[in-house]
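To start, the structure itself, in structure tokens.
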Amino acid sequence: MTNLTSVTDPGDLAQLYADAPSGVRANMIFSADGAAAFGGRAGTLSCPADQNLLRDLRAFADVVLVGAGTARAERYGPARFTEAQEALRGAHRGHAPPPIAVVSQSGRLPSTLFVDGTSPPFLVTSASAAQAHSLDSDPRWRLLVAGEDTVDVGAATKQLRALGMQRILCEGGPTLLDQLVDADAVDEICVTIAPLLAGSQPVGLRTPSRQHVPASLELRHALLCDSYLFLRYRRSAN
């Protein structure tokens with residue numbers, strides 16, 4: 001049985017996540033009553049320890065995968081590392097921060113992603129969307145086409161891994177997480193439970209799951225910091 005461990009220094013959290021799986025690691029926050037956002041933003045539910053962990057998890061990733069709605073709501077920019085995050089990453093992984101890969105059918109990405117040209121994002125879209133919106137003609141991003149009429153996120157993760165980005169960190173939102181779960185593509189999920197009651201907060205365009213049975217997970221750790229609960233689950237070996 002995994003014991004609940006209290007962590008007093010938020011800086012101690014990151015080391016407990018260093019062994020990122022090869023595959024997709026999802027990171028999500030939920031209120032105590034199950035809301036994934038408040039007022040359209042997940043950041044409203046967060047705390048400094050959770051925000052630090054979100055940034056630190058990027059140190060163990062080769063690419064950050066996010067839905068366009070989340071990227072716009074949270075005003076995503078290119079990933080950047082502090083010296084502490086470079087130390088977490090380690091020289092063997094290289095010090096360059098991971099690129100951001102945004103799943104979008106429209107190509108409406110936040111302008112904050114293009115503040116510099118050093119790390120252009122990936123735009124992950126479908127073949128029909130790329131043609132309809134001429135998404136292959138925009139030099140601001142690297143285009144990754146997966147699926148014909150809708151984005152096939154399972155195929156997208158395979159393409160990213162084929163490009164050498166083995167450790168994929170998904171930062172949401174809930175719709176993208178649903179799609180990855182349905183594609184049986186999630187290897188680990190890190191869940192932060194916020195000590196908040198948020199009520200009904202519809203987020204994204206969520207549809208009923210296509211899974212026949214729930215996928216089994218094993219709890220790797222349970223950490224408590226500032227009344228926030230940090231849980232880490234990995235796919236069961238069975």
Steps toward side chain to side chain contact (heavy atoms under 4.5 Å, CB included) verdict (L217, S236): CA-CA 5 Å; L217 301 171; S236 174; 6.0 Å; no
Are V66 and L54 linked, directly or through other ILVMFWY residues, by side chains that come within less than 4.5 angstrom of each other? no
Would you say the side chain of L135 lies within less than 4.5 Å of the side chain of W141, judging by non-hydrogen atoms? yes
Would you call V115 and P78 a side-chain contact if the rule is heavy atoms closer than 4.5 Å? yes
Salt bridge (Lys or Arg N to Asp or Glu O under 4.0 Å) with R41: which residues, sequence neighbours excluded? E74
For a side chain to side chain contact (heavy atoms under 4.5 Å, CB included) check, start with the C-alpha distance between L163 and F122, then their side-chain angles and the critical distance, and finish with the verdict. CA-CA 12 Å; L163 291 171; F122 284 91; 4.2 Å; yes
Search all heavy atoms of P98 against all heavy atoms of A61 and return the closest pair with its distance. CB-O, 3.7 Å
Among pairs that include at least one residue of residues 124-134, which meet salt bridge (Lys or Arg N to Asp or Glu O under 4.0 Å), considering only residues two or more places apart or in two chains? none
Less than 4.5 Å apart, side chain to side chain, heavy atoms only: is that true for R142 and L123? no
According to a hydrophobic-cluster definition based on side-chain heavy atoms being under 4.5 Å apart (Ile, Leu, Val, Met, Phe, Trp, Tyr only), do L13 and L169 belong together? yes
Closest non-hydrogen atoms of P97 and F81, given as atom of the first, atom of the second and distance, are CA-CE1, 3.5 Å
Can you measure from CZ (F30) to CD1 (I193) and round to the nearest 0.5 angstrom? 7.0 Å
Test side chain to side chain donor-acceptor pair (under 3.5 Å), reference Y17, set R220, R25, R232, H221, output is H221
Determine yes or no for a side-chain-to-main-chain donor-acceptor pair under 3.5 angstrom, with T70 supplying the side chain and G173 the backbone. yes
Could you tell me whether the side chain of Q131 reaches within less than 4.5 Å of the side chain of S126, counting heavy atoms only? no
Does some side-chain heavy atom of L53 sit less than 4.5 Å from a side-chain heavy atom of F230? yes
A71 and P110: which non-hydrogen atoms are nearest, and at how many Å? O-CG, 3.4 Å
Any chance you could lay out the side chain to side chain contact (heavy atoms under 4.5 Å, CB included) test for L224 and S6, step after step, and finish with the verdict? CA-CA 5 Å; L224 185 66; S6 292; 4.3 Å; yes
Run the side chain to side chain contact (heavy atoms under 4.5 Å, CB included) test on I189 and L177 for me, step by step, so that the C-alpha distance in whole Å, both residues' side-chain angles and the decisive distance to 0.1 Å come before the verdict. CA-CA 10 Å; I189 182 166; L177 177 62; 4.1 Å; yes
Over 12 foreign heavy atoms within 6.0 Å of CZ, R108: no
May I ask you to decide if F38's main-chain N or O and T44's side chain share a donor-acceptor pair within less than 3.5 Å? yes
Close side-chain approach of L88 and D56, heavy atoms under 4.5 Å: yes
Could you check whether any side-chain heavy atom of R167 comes within less than 4.5 Å of a side-chain heavy atom of F60, counting everything from C-beta outward? no
Compare every heavy atom of M28 with every heavy atom of G172, then report the nearest pair and how far apart it is. CA-SD, 3.7 Å
So, taking the atom named SG in C225 and the one named CG in D12, what distance separates them when rounded to the nearest 0.5 Å? 9.0 Å
For R235, enumerate each residue passing the salt bridge (Lys or Arg N to Asp or Glu O under 4.0 Å) test, keeping only those at least two apart in sequence or located in another chain. D184
Salt bridge (Lys or Arg N to Asp or Glu O under 4.0 Å) partners of R58, counting only residues at least two apart: E171
Give the minimum heavy-atom separation between L196 and S31, together with the two atoms involved. O-CB, 3.4 Å
Can you tell me how far the OG1 atom of T82 sits from the CG atom of N52, to the nearest 0.5 Å? 9.0 Å
What pair of heavy atoms forms the shortest contact from A101 to V124, and how long is it? CB-CG2, 4.2 Å
d(L113 CG, S119 OG) to nearest 0.5 Å is 9.5 Å
Considering only heavy atoms from C-beta outward, does the side chain of P121 approach that of Y76 to under 4.5 Å? no
Indicate, with yes or no, if L143 and I100 share a hydrophobic cluster defined by side-chain heavy-atom contacts under 4.5 Å among Ile, Leu, Val, Met, Phe, Trp and Tyr. yes
Mind checking what makes salt bridge (Lys or Arg N to Asp or Glu O under 4.0 Å) contact with R234, not counting sequence neighbours? E188
Please check: side-chain N/O of D187 versus main-chain N/O of P21, any donor-acceptor pairing under 3.5 Å? no
To the nearest 0.5 Å, atom CG of L176 lies from atom CG of L65 at 5.0 Å
Contact list for residues 146-166, test salt bridge (Lys or Arg N to Asp or Glu O under 4.0 Å), sequence neighbours left out: none
Out of curiosity, H133 NE2 to D138 CG, how far, rounded to the nearest 0.5 Å? 13.0 Å
Check the hydrophobic clustering (I, L, V, M, F, W, Y; side-chain heavy atoms under 4.5 Å; chains of links allowed) and say if L197 and L45 are grouped together. no
